[in-house]
Chemist: 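A single structure is presented below for examination.
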Amino acid sequence: MNDTPLRDFPALIRDVPDFPKPGVRFKDITPLLADPAGFGWVVGTMAGPWLGRGVDCVAGIEARGFILGAALAPALGAGFVPVRKPGKLPAKVIAQEYALEYGSDRLEIHADAVKPGSRVLLVDDVLATGGTLLAARALLERAGAVLVGATVLVELEALGGRARWDAATPLEASLHY
Ligand SMILES: O=P(O)(O)OC[C@H]1O[C@H](OP(=O)(O)OP(=O)(O)O)[C@H](O)[C@@H]1O
Ligand SMILES: Nc1ncnc2[nH]cnc12
């Protein structure tokens, strides 16, 4: 018999008001990741829907998507590709501008990061307006990837990101607010 008490892992996500700008309620996942069982729960919950789906490669978005993506890749028997903020990757890159809840930015991948036809799962921590996920997807598809889907730990439903995502491509969120 398993007598480990069920724990409320989502309660470890902390709301920080007015970060990084006034009016933004920031979902801080660091207390959840710092908890050993909590991090294990995150990886198991996020990996589950993608097991057996033939994921060759996990693409994680800097910075918090690196933490989750790098944990998911070995759990899925996949490799890992970093989707980075500008100026960090050493070899030839392709780039995409995007807007997010509190500003705008640019994402880059190495031009040869994925083999054409490679089956890629996109990973990030939070889906808000969807700008980040859409920009990362555009980059991976320009590089020749086949997007198996995308997964985030937290979806902020009021910010409407899902409505901007193509409904035919699976988009999983473990927690909805
Ligand atoms: O759906 P969107 O409106 O695009 O917002 C979601 C993005 O915003 C945050 O990234 P941020 O740029 O703050 O980067 P960080 O991971 O480096 O903190 C978050 O980690 C997502 O990547
Ligand atoms: N409110 C929020 N909390 C954490 N990450 C975010 N990324 C975009 N909006 C966010």
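Treat the numbers as computed from the prediction; the structure is a model and nothing was measured. Whatever order the structure lists ligands and atoms in, that order sets their numbers, starting from 1. We count residues from 1, following the sequence as given. Hydrogens, waters and symmetry mates are skipped; everything else that's a heavy atom, side chains included, is used.
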Chemist: Can you pull the side chain to side chain donor-acceptor pair (under 3.5 Å) pairs that have at least one residue in residues 30-52, sequence neighbours excluded?
Modeler: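 Qualifying pairs: Arg7-Asp35, Asp28-Thr30, Trp41-Thr45.
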
Chemist: State the CG-CZ distance between Asp15 and Arg25, to the nearest 0.5 angstrom.
Modeler: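 Going from the CG atom of Asp15 to the CZ atom of Arg25 covers 5.0 Å.
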
Chemist: Which residue pairs pass the side chain to side chain donor-acceptor pair (under 3.5 Å) test when at least one of the two sits in residues 79-97, sequence neighbours left out?
Modeler: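 Qualifying pairs, neighbours excluded: Glu62-Arg84, Gln96-Arg142, Glu97-Arg106.
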
Chemist: Starting from atom 4 (O) of ligand 1, find the nearest protein heavy-atom neighbour and note its residue, name and distance.
Modeler: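 Sorting protein heavy atoms by distance from atom 4 (O) of ligand 1 puts Thr132 OG1, 2.5 Å first.
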
Chemist: Can you name the atoms of ligand 1, numbered from 1 with element, that are less than 4.0 Å from a heavy atom of Asp125?
Modeler: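 Listed by number with element, the hits are 19 (C), 20 (O), 21 (C).
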
Chemist: Does any N or O atom in Ala128 lie less than 3.5 angstrom from one in ligand 1, N or O only?
Modeler: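 Yes; the residue has a nitrogen or oxygen that sits under 3.5 Å from a nitrogen or oxygen of the ligand.
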
Chemist: Closest non-hydrogen protein atom to atom 7 (N) of ligand 2, residue and atom name please, with distance?
Modeler: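 Checking every protein heavy atom, the shortest distance to atom 7 (N) of ligand 2 gives Tyr102 OH, 3.3 Å.
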
Chemist: Which atoms of ligand 1 sit under 4.0 Å from any heavy atom of Val126?
Modeler: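 In order of number, 6 (C), 21 (C).
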
Chemist: In terms of hydrophobic clusters joined by side-chain contacts under 4.5 Å, are Leu156 and Val123 together?
Modeler: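 Yes, it is one cluster - the side chains of Leu156 and Val123 are joined through contacts under 4.5 Å.
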
Chemist: Could you tell me the separation between the CG atom of Asp125 and the CG atom of Leu127, rounded to the nearest 0.5 Å?
Modeler: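 Those atoms lie 10.0 Å apart.
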
Chemist: Hey, which atoms in ligand 2 end up nearer than 4.0 Å to a heavy atom of Ala128?
Modeler: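 Within the 4.0 Å cut-off of Ala128, ligand 2 contributes 8 (C), 9 (N).
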
Chemist: For atom 5 (N) of ligand 2, find the nearest protein heavy atom and state the residue, atom name and distance (0.1 Å precision).
Modeler: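 For atom 5 (N) of ligand 2, the nearest protein heavy atom comes out as Arg64 NH1, 3.2 Å.
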
Chemist: Hydrophobic cluster membership, with links at side-chain heavy-atom distances under 4.5 Å among I/L/V/M/F/W/Y: are Val43 and Met46 in one?
Modeler: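 Hydrophobic grouping puts Val43 with Met46.
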
Chemist: Counting non-hydrogen protein atoms only, what is the nearest one to atom 14 (O) of ligand 1? Give residue, atom name and distance.
Modeler: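 In this structure, atom 14 (O) of ligand 1 has Lys85 NZ, 3.2 Å as its nearest protein heavy atom.
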
Chemist: Return the closest protein heavy atom for atom 9 (C) of ligand 1 as residue, atom name and distance.
Modeler: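 Ranked first by proximity to atom 9 (C) of ligand 1 is Arg64 NH2, 3.3 Å.
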
Chemist: To the nearest 0.5 Å, what is the distance between OG on Ser174 and CG on Leu153?
Modeler: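 CG of Leu153 is found 5.0 Å from OG of Ser174.
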
Chemist: Tell me the protein heavy atom at minimum distance from atom 1 (N) of ligand 2, and give that distance in Å.
Modeler: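 For atom 1 (N) of ligand 2, the nearest protein heavy atom comes out as Arg25 O, 3.0 Å.
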
Chemist: Going by the order shown, which atoms of ligand 2 are within less than 4.0 Å of some heavy atom of Val126?
Modeler: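 Reading through ligand 2 atom by atom, the close ones are 4 (C), 5 (N), 6 (C), 7 (N).
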
Chemist: At what distance is the nearest protein heavy atom to atom 13 (O) of ligand 1, and which residue and atom is it?
Modeler: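 Looking at atom 13 (O) of ligand 1, the protein heavy atom closest to it is Tyr102 OH, 2.5 Å.
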
Chemist: So, 4.0 Å and heavy atoms of Gly130: is ligand 1 close enough to count as a contact?
Modeler: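 Gly130: in contact with ligand 1 (<4.0 Å).
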
Chemist: Nearest protein heavy atom to atom 8 (O) of ligand 1, by residue and atom, and its distance?
Modeler: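 Here the nearest protein heavy atom works out to Leu100 CD1, 3.5 Å.
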
Chemist: Atoms of ligand 1 less than 4.0 Å from Thr129 heavy atoms?
Modeler: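 By the 4.0 Å cutoff, the relevant atoms are 1 (O), 2 (P), 3 (O), 4 (O).
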
Chemist: Taking Phe66 as the starting point, is it possible to reach Ile61 by hopping between hydrophobic residues whose side chains are less than 4.5 Å apart?
Modeler: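 Not linked; separate clusters.
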
Chemist: So do Leu140 and Leu122 actually touch side chain to side chain, heavy atoms under 4.5 Å?
Modeler: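 A side-chain contact under 4.5 Å exists here.
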
Chemist: Transitively linked via ILVMFWY side-chain contacts under 4.5 Å: Ile67 with Val152?
Modeler: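 Per the 4.5 Å side-chain linkage, Ile67 and Val152 are not co-clustered.
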
Chemist: Does a salt bridge link Arg137 with Asp166, judged by any charged N lying under 4.0 Å from a carboxylate O?
Modeler: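 Salt bridge present between Arg137 and Asp166.
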
Chemist: Among all protein non-hydrogen atoms, which one is nearest to atom 22 (O) of ligand 1, and what is the separation to 0.1 Å?
Modeler: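 Nearest neighbour among protein heavy atoms for atom 22 (O) of ligand 1, to 0.1 Å: Asp124 OD2, 2.5 Å.
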
Chemist: Which residue owns the protein heavy atom closest to atom 8 (C) of ligand 2, what's the atom, and how far is it?
Modeler: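 Ranked first by proximity to atom 8 (C) of ligand 2 is Glu101 OE1, 3.4 Å.
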
Chemist: Against heavy atoms of Glu62, which atoms of ligand 1 measure under 4.0 Å?
Modeler: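 What qualifies from ligand 1 is 16 (O), 17 (O).
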
Chemist: Find the distance between CD (Glu108) and CD1 (Ile94) and round it off to the nearest 0.5 Å.
Modeler: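 Interatomic distance, Glu108 CD to Ile94 CD1, rounded to 0.5 Å: 10.0 Å.
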
Chemist: Could you find the nearest protein heavy atom to atom 3 (N) of ligand 2 and give me its residue, atom name and distance?
Modeler: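 Here the nearest protein heavy atom works out to Lys27 N, 2.9 Å.
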
Chemist: Atoms of ligand 2 less than 4.0 Å from Leu156 heavy atoms?
Modeler: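 Close to Leu156: 1 (N), 2 (C), 10 (C).
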
